[in-house]
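A short worksheet on the structure shown next.
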There are 2 protein chains.
Amino acid sequence: MSSAPTPYHHGDLRSALLDAAEQSLRQGGAADISLRGLARELGVSHAAPRRHFADKQELLDAVAELGWSRVDEEMRAADLTVDGQDLQAHLIARGIRYVRFAIDNPALIELMFAYKTSGRRPPPPPNAVGPSSIDLLVVARRRGELAVSSGQLARAVWAQLQGIAALAIGGFIPDVDLDAAVASGIEQLMVNTATTLA
Amino acid sequence: MSSAPTPYHHGDLRSALLDAAEQSLRQGGAADISLRGLARELGVSHAAPRRHFADKQELLDAVAELGWSRVDEEMRAADLTVDGQDLQAHLIARGIRYVRFAIDNPALIELMFAYKTSGRRPPPPPNAVGPSSIDLLVVARRRGELAVSSGQLARAVWAQLQGIAALAIGGFIPDVDLDAAVASGIEQLMVNTATTLA
DNA sequence: CTCGAAAGTAGTCGGTGTCAACATCACAGT
DNA sequence: ACTGTGATGTTGACACCGACTACTTTCGAG
């Protein structure tokens with residue numbers, strides 16, 4: 001008796017699918033996700049997902065986009081933990097958070113960087129180093145505190161972070177050394193700053 | 001008449017499978033590879049591959065291992081193009097070659113770094129920066145030319161390369177800027193070397 | 001209140017990985 | 001020279017998957 005056990009309409013299947021996909025992505029690769037499996041999980045027929053995503057890739061694209069917004073959240077959270085003007089501390093705080101996120105969600109990151117865009121993926125978000133860091137970099141550059149352009153340094157920093165994440169995910173960096181690796185990596189890239197000023 | 005059109009035994013199906021897989025990996029993702037497809041390609045029955053690889057993952061693992069040896073070849077080739085004692089030139093030559101390889105074989109690199117080792121993957125080869133670079137780094141460190149340990153710098157360099165490759169594959173670095181990005185990234189990491197000596 | 005669009009269902013098709021049972025071949029030991 | 005045994009390849013089957021079509025139920029704007 002009681003209320004409908006399985007209402008004909010799910011209510012918000014689309015976001016339920018995204019959630020479930022993101023969740024199972026946290027444990028397995030993108031290849032392990034199956035539309036039918038997700039449908040089963042949500043107690044819905046095997047063809048229901050098709051009403052919201054034309055095909056599997058479209059769902060994965062949506063999940064990837066979700067991932068980028070997760071990164072944005074993480075970065076904003078990192079910004080709150082550090083003095084607004086200390087460029088290096090700023091970058092390290094964001095960097096540690098970024099790398100940790102990547103390692104906790106390896107399949108998601110992989111998806112977000114999927115090269116096989118096949119022309120479908122909408123323009124991906126700007127930059128993992130983020131606007132707030134870019135601002136600081138630009139200011140520092142104007143003050144003559146950087147030996148290279150702010151863009152160049154930003155790219156090097158982002159690459160450093162992405163690389164550390166990749167190596168860690170691949171098992172080439174012990175978990176214990178992670179934060180230290182990030183800090184040291186960024187410091188090494190910034191050494192010239194201090195040196196120039198000294 | 002002539003000789004057997006399709007001999008019952010293929011001859012060397014195992015390496016033929018690896019070759020075909022590596023080849024098709026150069027155009028699509030690892031998910032696009034199908035054992036049945038490879039078998040069809042090689043004119044062999046759909047269950048034949050199973051005689052050589054217990055399951056698909058085992059074949060992918062073998063391809064990944066093959067990939068690491070390809071990297072070794074590339075790195076050895078890079079070594080021949082540069083003066084043996086110039087550490088920075090050495091690293092840049094290897095770096096450019098490494099990144100180019102990664103970009104030309106994105107799916108292969110992805111496989112080589114696959115986190116889902118599921119406990120099966122045998123211990124992966126040592127280091128993309130490679131023994132020859134490590135030797136130079138150790139010597140430089142002994143001479144007091146490095147501000148950080150050789151291991152730390154090696155890791156930072158490798159991370160930088162891997163990161164640049166990831167960003168480029170993801171479409172975040174224009175192809176034209178690639179070599180420059182590698183050179184500049186490594187130079188930035190090495191700045192303290194020169195500075196210390198000055 | 002109605003009716004059309006949105007959301008979900010059922011059934012099907014070709015493709016895939018994996019497994020088991022069988023066929024063929026190479027080659028070592030007699 | 002002969003044989004039989006293990007390696008290699010084949011056939012057939014099963015369950016699962018993504019995608020498509022046709023059908024049903026529900027919601028909500030007019």
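Both backbone and side-chain heavy atoms feed into the values below; hydrogens, waters and symmetry mates do not. Each chain gets a letter, A, B and so on, in the order its sequence line appears, and its residues count up from 1.
- Atom CG of B/Asp12 is separated from atom C1' of C/dA26 by 15 Å (rounded to the nearest Å).
- A donor-acceptor pair is defined here as one N or O able to donate and one able to accept, closer than 3.5 Å; such a pair exists between the side chain of B/Asp32 and the backbone of B/Gly29.
- In this structure, the CG atom of B/Leu59 is 10 Å from the P atom of C/dT18, given to the nearest Å.
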Provide a list of protein-nucleic acid N or O atom pairs under 3.5 angstrom, restricted to nucleotides 19-21 of chain D.
| from | atom 1 | to | atom 2 | distance (Å) |
| --- | --- | --- | --- | --- |
| D/dA19 | OP2 | A/Lys56 | N | 3.0 |
| D/dA19 | N6 | A/Arg36 | NH1 | 3.2 |
| D/dC20 | OP2 | A/Arg50 | NH1 | 3.3 |
| D/dC20 | OP2 | A/Arg50 | NH2 | 3.1 |

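- Each salt bridge (Lys or Arg N to Asp or Glu O under 4.0 Å) pair with one or both residues in residues 162-177 of chain A, not counting sequence neighbours, would appear here, but there are none.
- Contact annotation: B/Ser45 does not reach the phosphate of D/dT11 (side-chain N/O to OP1 or OP2, under 4.0 Å).
- Partners of A/Asp179 according to the salt bridge (Lys or Arg N to Asp or Glu O under 4.0 Å) rule, which considers only residues two or more places apart in sequence or in another chain, are A/Arg100.
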Test log, rule salt bridge (Lys or Arg N to Asp or Glu O under 4.0 Å), inputs A/Glu73 and A/Arg76: CA-CA 5 Å; A/Glu73 292 168 20; A/Arg76 254 192 291 276; over 6 Å; no
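- Across the protein-nucleic acid pair, A/Leu38 atom CG and C/dG8 atom P stand 14 Å apart, rounded to whole Å.
- Looking only at side-chain heavy atoms (C-beta outward), B/Gln85 and B/Leu136 come within less than 4.5 Å of each other.
- The separation between A/Leu13 atom CG and D/dT26 atom P is 16 Å, rounded to whole Å.
- Using a 4.0 Å heavy-atom cutoff across all strands shown, B/Arg40 reaches sugar-phosphate atoms only and no base atom.
- If you measure from atom CG of B/Asp32 to atom C1' of C/dG15, you get 13 Å, rounded to the nearest angstrom.
- Dashed line: the shortest gap from a side-chain N or O of A/His52 to OP1 or OP2 of C/dA6 is not under 4.0 Å.
- Taking a cutoff of 4.0 Å between a charged side-chain nitrogen and a carboxylate oxygen, A/Arg26 and A/Glu22 qualify as a salt bridge.
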